[in-house]
Peer 1: 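Just passing along the structure, written as structure tokens.
Numbers restart at 1 for each chain; the letters A, B, ... are given by sequence-line order, proteins then strands.
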Amino acid sequence: MNAMKAQIPMLLWIYCALSILLLLAVRRTRHYPLYILKSVWIGFTVLAFVWVVLMSGATNQEFALRPASVFGELSEYPYTFRSLYGFHSWYLPLLLWLPLWSWAGKAERGSRLRKGLWVALGALTLFFLVPLLLIFKRFDWSAYSHFGENYAHAWRVARMGDYFFNSILVSACAVGLSTIVGSMAAYALARLPFRGREALIAALVGSMAIPGFLLVVPLYVMMRSWSVGNFSFMDSRVGLSILYAATSLPFTIFLLTAFFRSLPSELAEAAALDGATPLQIFSQIYFPLAAPGLATAAIFNFLGVWNEYNFALVFVTNPEFRTLPVGLYNLQVSQQYAVNWPALFAGIVLLCLPTFAIFVALQEKIVAGLTVGGVKG
Amino acid sequence: MASTRSNLIGGPGTLAVLLSPALVLFTLFLVWPALNALLVSMSSWTGFSPESKFTGLENYANLAGDARFWKSLKNTFYFVIVGGIGHFFFAFLFAVALHRPGFKGKKVFQTMIFFPSFVSAVGVAILWARLYDYNDGLLNRVLRIFSGQGVNWLASENAMDAIVIASIWAGVGGQMVLLLAGMKRIPSDILEAARIDGASEWQVFRHVTLPMMKDVTYVALSLWLIGSMQVFGLVQALAGPGVPVDMETVSTYQYAISFNARDNIYMMGRGTAMAVALVLCIVLMVGALRLAFGKRELEY
């Protein structure tokens with residue numbers, strides 16, 4: 001029995017290699033390796049996120065007992081298979097799967113052979129799914145339904161609520177400030193002619209390449225020593241927002257300068273003849289017109305600031321003012337002393353929720369913004 | 001005439017009002033610290049006493065003799081090169097796949113590959129730290145079904161590979177979207193013509209698609225270089241507060257000696273010297289890349 005078990009990996013690897021060769025050789029099906037890679041990649045990503053959500057609902061005891069949860073129970077598959085069908089070499093029928101699939105793909109469309117092959121494939125898939133379903137059915141799901149208490153605990157006791165609020169505050173201030181200041185500068189750079197304009201644009205855009213870790217020590221000195229009255233830049237959410245706004249500026253100006261240039265210039269001339277002051281031309285006409293560009297810049301800056309971690313780690317030492325990524329990092333680090341895994345996973349879910357919502361709703365805009373930066377830049 | 005018209009739209013006064021807030025922020029938080037970094041890197045300074053001593057190039061000389069620095073530089077280059085190969089292999093593969101007209105589930109595919117780019121490095125690191133766990137991690141559970149034994153992912157000899165794998169999972173979407181945008185600009189009749197002439201998919205990719213997206217590839221590669229040379233969050237959060245030497249990169253080493261020293265001896269001057277050295281590496285590498293890609297403009 002053990003000798004047989006030891007041969008499983010060898011057989012499986014040979015099988016995988018042979019199937020890939022077969023798939024590459026059959027002309028009609030040579031894209032199947034790509035399909036398989038796609039399925040594996042998506043499957044893994046979905047699995048990872050489902051696992052995080054599942055674990056954020058587990059009890060701490062359950063987490064210690066079954067850290068891989070239902071996905072770990074999958075290692076029971078061979079035994080479930082044997083108890084159901086009476087033989088243990090579960091992978092042998094599986095060998096049929098890929099050749100059948102490629103044959104079905106090759107068979108003439110609408111022919112009886114093709115239909116028969118698809119039915120056989122379906123039956124074979126079902127054959128393998130039944131033990132899987134049994135594992136899922138046997139699994140104790142009730143141990144993974146403690147969402148309410150876990151999130152309440154994470155929110156209050158692990159202080160994720162405070163961190164979440166800090167992150168929201170810092171991101172909102174930074175994005176607001178960088179959008180307003182950036183759009184003003186971008187409008188001036190795009191529309192108002194002055195000497196040295198191109199050089200200034202080049203300097204601003206080029207500073208996107210300045211790495212954060214070069215700035216971190218000089219900034220640390222500056223943030224610590226500067227204060228205005230009671231306000232100090234160090235250990236302050238407002239200070240951190242201003243820093244983030246400044247580091248978001250180059251990209252904002254880069255994006256918005258291109259956007260303002262694409263707007264018609266006749267509007268400004270017409271408004272000027274009607275007696276609008278230059279600042280009114282900007283605030284009443286061009287600022288509203290630039291809304292789509294402003295939104296793209298704001299989304300990008302929000303995503304960047306929300307996830308930022310290096311500066312927040314260095315410039316905020318007071319636990320009260322930590323942002324969510326730093327709060328999570330500290331919780332992860334302190335796990336060595338007091339284990340509370342569900343709170344950590346609830347924190348990851350909280351961290352991902354806003355970005356996921358924005359991402360799903362505005363993916364087209366994000367892709368477009370990234371493309372402007374990369375393709376036209 | 002031209003000057004009156006521009007004065008109506010905005011003269012020097014308007015210019016000052018619109019530009020000055022951005023310039024103030026820009027100068028205070030980017031230009032000044034960047035220039036000051038050079039000065040800090042040439043002084044011996046603990047960051048807490050106000051006085052710092054000018055030491056010239058001593059910090060750089062010390063760096064040259066610091067084995068831990070060279071090890072971290074080696075790790076960083078390992079990440080940049082091996083990670084770069086992995087990133088761009090999968091990014092090109094997925095971009096080609098998404099560009100094929102008959103590809104099923106394009107939208108879902110793009111979302112699932114792209115979304116991890118927008119999860120904070122801390123979240124990615126915590127997730128992968130659990131996935132990599134030797135006894136209970138998901139990866140080893142699956143591996144044990146297939147091969148009977150797990151891999152010690154975070155052991156010193158595998159640590160950099162573990163970081164590379166996690167970073168490919170998290171970051172490949174960005175490069176994919178960029179390359180895909182480059183591919184979409186290629187006029188489809190050129191590809192058609194190549195296919196009609198009997199070129200195989202691979203030949204079309206190698207001799208038509210790839211040369212025509214040279215500029216986008218250049219941008220994607222230089223963005224990768226700039227970003228990956230500074231890799232920090234993923235490593236720091238995956239390893240915890242004391243990053244072991246085997247997975248230490250230059251930026252985590254810099255953080256460790258500047259802000260996180262165990263014995264409370266902070267060496268900010270030396271940390272900054274390290275940053276300046278790394279910036280020099282980045283500049284040299286991007287310059288080399290620019291030379292290798294030749295003229296950026298492309299006519300067709």
Side-chain angles (χ1 to χ4, degrees), chain A residues 9 12 34 38 41-42 45 48 51-52 67-68 71-72 75 77 181-182 184-185 187-188 191-194 207 209-211 213-215 217-219 222 243 245-247 249 268 272 278-279 281 303 307 309-310 314 325 328-329 332-333 344 348 351-352 355 359 363 367 370-371 374-375 377, chain B residues 6 8-10 14-15 17-19 21-22 25-26 29-30 33-34 36-37 40 97 109 111-113 115-116 118-123 126-127 130 133 136-138 141 144-148 174 177-178 181-182 216 219-220 226 230 232-233 237 240-241 251 254 258-259 268 271-272 275 279:
Chain A
L12 272 169
L34 207 53
K38 172 191 82 167
W41 197 284
I42 293 186
T45 307
W51 179 66
V52 169
F71 307 115
S75 52
Y77 186 82
V181 172
M184 282 159 61
Y187 173 75
R191 283 277 165 239
L192 307 179
F194 61 92
S207 64
I210 299 179
F213 65 88
L214 180 70
L215 309 178
V217 170
L219 276 177
M222 193 177 99
L243 174 64
T247 52
L249 266 186
L279 285 180
I281 296 176
L303 291 171
N307 290 328
Y309 158 74
N310 194 349
V314 173
L328 265 182
Y329 170 72
Q332 149 98 336
V333 167
L344 190 67
I348 299 183
L351 183 71
C352 293
T355 48
F359 189 75
Q363 203 194 91
V367 170
L370 198 71
T371 312
V375 178
Chain B
S6 64
L8 280 176
I9 301 169
T14 322
L15 204 62
V17 171
L18 290 177
L19 270 179
L25 283 179
F26 182 67
F29 290 95
L30 289 169
N36 206 16
V40 175
F109 187 57
T111 308
M112 287 325 296
I113 290 186
F115 177 65
F118 296 102
V119 177
S120 176
V122 181
I126 294 174
L127 172 66
R130 299 311 304 155
D133 192 274
D136 306 313
L138 200 56
R141 291 276 176 143
R144 284 198 191 103
I145 300 180
F146 283 91
S147 71
V177 167
L178 215 56
V216 179
V219 171
I226 295 170
Q230 325 176 26
F232 173 77
S251 53
Q254 187 220 6
S258 305
F259 299 106
M268 297 215 166
T272 311
V279 169

Peer 1: Is Val40(B) close to chain A through its backbone or its side chain, or both, or neither, when contacts mean heavy atoms under 4.5 Å?
Peer 2: side chain

Peer 1: Which bit of Leu15(B) comes within less than 4.5 Å of chain A, counting heavy atoms only: side chain, backbone, both or neither?
Peer 2: both

Peer 1: Side chains of Val314(A) and Phe213(A): does their closest heavy-atom pair fall under 4.5 Å?
Peer 2: no

Peer 1: Search all heavy atoms of Thr272(B) against all heavy atoms of Ala37(B) and return the closest pair with its distance.
Peer 2: CG2-O, 3.3 Å

Peer 1: Which atom pair, heavy atoms only, marks the closest approach of Phe359(A) to Thr111(B)?
Peer 2: CE2-CG2, 3.7 Å

Peer 1: Quick check for you: among Asp133(B), Asn36(B), Val119(B), which has the greatest number of heavy-atom pairs under 4.5 Å with chain A?
Peer 2: Val119(B)

Peer 1: Considering only heavy atoms, which portion of Leu303(A) lies under 4.5 Å from any heavy atom of chain B: side chain, backbone, both, or neither?
Peer 2: side chain

Peer 1: Heavy-atom pairs under 4.5 Å with chain B - which of Pro211(A), Cys352(A), Ala268(A) has more of them than the others?
Peer 2: Pro211(A)

Peer 1: Compare all side-chain heavy atoms of Phe29(B) with those of Leu25(B) and state whether any distance is below 4.5 angstrom.
Peer 2: yes

Peer 1: Could you report the tightest heavy-atom contact between Ala185(A) and Ala22(B), atom names first, then the distance?
Peer 2: CB-CB, 3.5 Å

Peer 1: Need one label for Gln254(B): side chain, backbone, both or neither, based on atoms under 4.5 Å from any heavy atom in chain A.
Peer 2: side chain

Peer 1: Is it the backbone or the side chain of Ile348(A) that comes under 4.5 Å from a heavy atom of chain B, or both, or neither?
Peer 2: side chain

Peer 1: Out of Ile226(B), Leu127(B), Ile126(B), Val177(B), return the one with the most heavy atom pairs under 4.5 angstrom to chain A.
Peer 2: Ile126(B)

Peer 1: Could you give me the CA-CA distance, side-chain angles and deciding distance for Leu279(A) and Leu18(B), then say whether side-chain contact (heavy atoms from CB on, under 4.5 Å) is met?
Peer 2: CA-CA 8 Å; Leu279(A) 285 180; Leu18(B) 290 177; 4.0 Å; yes

Peer 1: By a 4.5 Å heavy-atom criterion (distance strictly below it), what part of Tyr329(A) contacts chain B: side chain, backbone, both, or neither?
Peer 2: both

Peer 1: Okay, side chain of Asn307(A), backbone of Ala121(B): is any donor-acceptor separation there less than 3.5 Å?
Peer 2: no

Peer 1: Which answer fits Leu215(A), side chain, backbone, both or neither, if we ask what part of it has an atom under 4.5 Å from a heavy atom of chain B?
Peer 2: both

Peer 1: Given that the side chain runs from C-beta out, which part of Leu214(A) has a heavy atom under 4.5 Å from chain B: side chain, backbone, both or neither?
Peer 2: both

Peer 1: Of the backbone (N, CA, C, O) and the side chain (C-beta and beyond), which part of Tyr309(A) lies under 4.5 Å from a heavy atom of chain B, both, or neither?
Peer 2: side chain

Peer 1: Not counting sequence neighbours, which residues clear ring pair (Phe, Tyr, Trp, His ring centres under 6.0 Å) with Phe194(A)? List them please.
Peer 2: none

